[in-house]
Number of protein chains: 2
Amino acid sequence: MSQPTEHSPERPTGRAVPTSADVARLAGVSRATVSYVLNNTSAVRISEPTRRRVREAAEELGYVPHAAARSLRAGHSRMVLLPASHVPVGPLYSQFFNEFQWALRRLDYTVVQYGSVGLEGEEAARAWAELRPVAVVSLGEVQLTGQGVEILKRSGARAVITLGTQEVEGTHALVMDQGRVGEAATAHLVESGRRRIGVVIPEEPGLAMFSGPRLDGARRAVEGTDATVVPLPLRYEEESAAGLAARWRELGLDGVFAYNDEYAMLLMRALQDAGVAVPEDTAVVGADDLLLGRLLRPRLSTVRIDMVLGRELAELVDRAVREPESPPRTRALLASEVVRRESS
Amino acid sequence: MSQPTEHSPERPTGRAVPTSADVARLAGVSRATVSYVLNNTSAVRISEPTRRRVREAAEELGYVPHAAARSLRAGHSRMVLLPASHVPVGPLYSQFFNEFQWALRRLDYTVVQYGSVGLEGEEAARAWAELRPVAVVSLGEVQLTGQGVEILKRSGARAVITLGTQEVEGTHALVMDQGRVGEAATAHLVESGRRRIGVVIPEEPGLAMFSGPRLDGARRAVEGTDATVVPLPLRYEEESAAGLAARWRELGLDGVFAYNDEYAMLLMRALQDAGVAVPEDTAVVGADDLLLGRLLRPRLSTVRIDMVLGRELAELVDRAVREPESPPRTRALLASEVVRRESS
DNA sequence: ACGTGTCACTGACACGTGTAACTATCTCGC
DNA sequence: GCGAGATAGTTACACGTGTCAGTGACACGT
């Protein structure tokens, strides 16, 4: 609109985006030469003076290659696609994620997190396939179906890796066996003499994927014993916790696995305020081994979870890309270990 | 280097990825017709039977358009690029981020988070520019220079928006004035009669961007009063907090702004263990208003921060894209308010 | 004089898509 | 019988890049 001294009717932005042809023109060489120089193609020899002229021209024009055109021509990209997560994730996951990105970059992949909020199943798979990634690493928020995997593979993806709570047909699946977390926590409570054991189920959406298997694991742990398990819906709010604590005696519970440390802290405070002694009347166990859990009195017992290493996962991706014919393998993860402190 | 068994020169995957030409062949029409049908181009009329044949052919082949080719032809994309964050961020930020993504998708943009871990300044800008995004929203981890902004704009980006702690030349800048957080917290302490006020500075890397301005704000708050400010380096570990608490009497502090609620909880526990009464001997104020802070005894006083709304930011991006000639505006953010509880 | 080889490049094509310009066929008014 | 207009398509080009095959120019051995 009001740029001072621009009057070219062509481009609203004023000047066009420079291409390799512009660089070639300015350097007085052919476009092919430009490509050879800027990509350091070893099969072709270009004299040193020419190389310099090309580099200087590129610098002067501020030339940046067009990634889309490049990968169109090449027929493939080294892009690894990660559907962007929309679950509020903790620091544990955050650290894993950075490590993973860093490792992939080391292996010369381009990591792209693609926001597919609001898309589901097959539709999401199609949106991802449009980008022609060489690999897709789904972190479990979007449930990938066998159909979706087929779409991705047909679009040229050489590897589809899922990191979630269950196996997906046709993919390299890293299954985080959340059940073992619930099992370990509950077994610990049973061993320390508890008999009626509550299991907190967060009411927040998006966590069912974790809480379900954890509850199943808890049930497994009491099989063959005289202990029983009681599911306890809970919202992450003080009122909800207070309401639950008020019904505690009537529920007759003497132990609780509280999903994770945050819910455990919330519930433990509510119990104490309601006059329930921890651990005497009721033992409380969380999960994730957060630092904050150690600050409470009594100190919170927890389940420490060994997350998969980011570097390890990156190597798996790389191997899967290089050998796309190797059959997809499923691997179980999530070694977990009870850390007993004072609340149990 | 050492890939073991690569000897198929043509296509390792066996069958090729279907293109619109394949669809055209199967449907017995021209490629243009396929494009018109699949894009619902309104300017051209295609009969209903033909439309059906094309759609069925596309379905049968599992055709998915090639995003790179498409945006190459179109000359632009509706991609908004977000440099991926590698700061361990809290739930507050996480929520904002999801809202932002969702709102942008509503406006028909494609959100891509690009992992530029390990790249810096101009190099990072160049990597982003290769993707030819229509807008770049930098969330502050990577410091964008004026030079970098120039590269991006020359590559066709119609808007560069920075959300950070300081303004960047040539961009629409949303400046989160972290100083006001420190100022509000410290002013509150001064008003309640405290005179020697500690300000926690996390030693974790990546947080300096926030802690520095907060300290400055604290200093501003004591100007013209007889109160003083003492910086307190602290690692997010129990030992570090215990060490600091052990020196408390010798430091002679009677109030502390602990950077945020998590550090505040850590420090408050250490102080109590060291025999320092809160709030009688020392008042403690955190920031972020986490639920967990309300669980402690005494309940933690804090600074509630009104984050920018994701939807609001998305609309700003959209406006900037549609009117690229409008001059970049800088806006200050971060209204913050002290929530007094029991620890101060 | 001639084949062979090396050096330093250039010409031309292909990747997959969107769309402006064109064509062929049919209908209708007069 | 014939131009005008609608209908239903098709042909051809452009986007920016990588790379194969070719092309002069020159050197060298026989």
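Because the structure is a prediction, the values reported are computed rather than measured. Order of the sequence lines sets the chain letters (A, B, ...), proteins ahead of strands, with each chain counted from 1.
Taking every side-chain heavy atom of B:R73 into account, C:dG16 is the closest of D:dG16, C:dG16, D:dA12. When each of C:dT10, C:dT19, C:dT17 is scored by its nearest atom to the side-chain atoms of B:A32, the top-ranked nucleotide is C:dT19. Among the nucleotides D:dA8, C:dT19, D:dT17, the one closest to any side-chain atom of A:T19 is D:dT17.
B:H76 has its NE2 atom 12 Å from the P atom of C:dG18, to the nearest Å. As rounded to whole Å, 10 Å separates atom P of D:dT17 from atom CG of A:L38. A:E130 has its CD atom 10 Å from the P atom of C:dT17, to the nearest Å. Atom CG in A:D22 sits about 13 Å away from atom C1' in D:dT17, given to the nearest Å. As a whole-Å value, the separation of A:N40 CG from D:dG18 P is 12 Å. Put simply, CG on A:L72 is 11 Å from C1' on D:dG18, counting in whole angstrom units. Protein atom NE2 of A:H66 is 15 Å distant from nucleotide atom C1' of D:dG18, rounded to whole Å. Note: CG (A:N39) to P (D:dG16) measures 17 Å, nearest angstrom.
Across the strands present, D:dT11 finds its partner in C:dA20; the criterion is a Watson-Crick or G-U wobble pair with both atom distances under 3.5 angstrom. A 3.5 Å limit on both hydrogen-bonding distances identifies C:dA1 as the Watson-Crick or G-U partner of D:dT30.
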Only distances under 3.5 Å count here; give the side-chain donor-acceptor pairs of residues 51-70 of chain B to other protein atoms, sequence neighbours excluded, each with its distance to 0.1 Å.
| from | atom 1 | to | atom 2 | distance (Å) |
| --- | --- | --- | --- | --- |
| B:R51 | NH1 | B:I46 | O | 3.0 |
| B:R53 | NE | B:A27 | O | 3.2 |
| B:R53 | NH2 | B:A27 | O | 3.2 |
| B:H66 | ND1 | B:A68 | N | 3.3 |
| B:H66 | ND1 | B:A69 | N | 3.4 |

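Ion pairing between a basic and an acidic side chain is recognised when a charged N comes within 4.0 Å of a carboxylate O; B:E122 and B:R126 show such pairing.
Residue contacts shown for A:S20 are limited to sugar-phosphate atoms, with no base heavy atom under 4.0 Å away. Among the heavy atoms of the strands lying under 4.0 Å from A:I46 are primed sugar atoms or P, OP1, OP2 only; no base atom is included. Note on B:S30: a base of the nucleic acid sits closer than 4.0 angstrom, heavy atoms only. At the heavy-atom level, A:T41 lies nowhere under 4.0 Å from the strands shown. Among the atoms of the strands shown, base atoms are found under 4.0 Å from some heavy atom of B:R45. Within the nucleic acid shown, B:A74 has no heavy atom closer than 4.0 Å to any nucleic acid atom. At the heavy-atom level, A:S47 lies under 4.0 Å from the strands shown only through sugar-phosphate atoms.
Of the possible donor and acceptor atoms, none in the side chain of A:K153 sits under 3.5 Å from a partner among the backbone N and O of A:V160. Side chain of A:T19 to main chain of A:A21: a donor-acceptor pair is present (N/O by atom type, distance under 3.5 Å, no hydrogens or angles). Here the side chain of B:R78 pairs a donor or acceptor atom with the backbone of B:D108 at under 3.5 angstrom. Side-chain atoms of B:Q113 never come within 3.5 Å of backbone atoms of A:Q113 as a donor-acceptor pair (strictly under, hydrogens ignored).
Where B:R132 and B:V29 each meet DNA chain D at their nearest nucleotide, the meeting point lying more 5' is that of B:V29. Map A:R31 and A:T50 each onto its nearest nucleotide of DNA chain C; the residue landing nearer the 5' end is A:T50.
In this model, no donor atom of one side chain and acceptor atom of the other lie less than 3.5 Å apart for B:T162 and B:S138.
Distance check, rounded to the nearest 0.5 Å: CD of B:Q101 to CZ of B:R106 gives 14.5 Å.
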Any protein N or O atoms within reach of nucleotides 21-28 of chain D? Criterion: under 3.5 Å, listing atom names and distances.
none

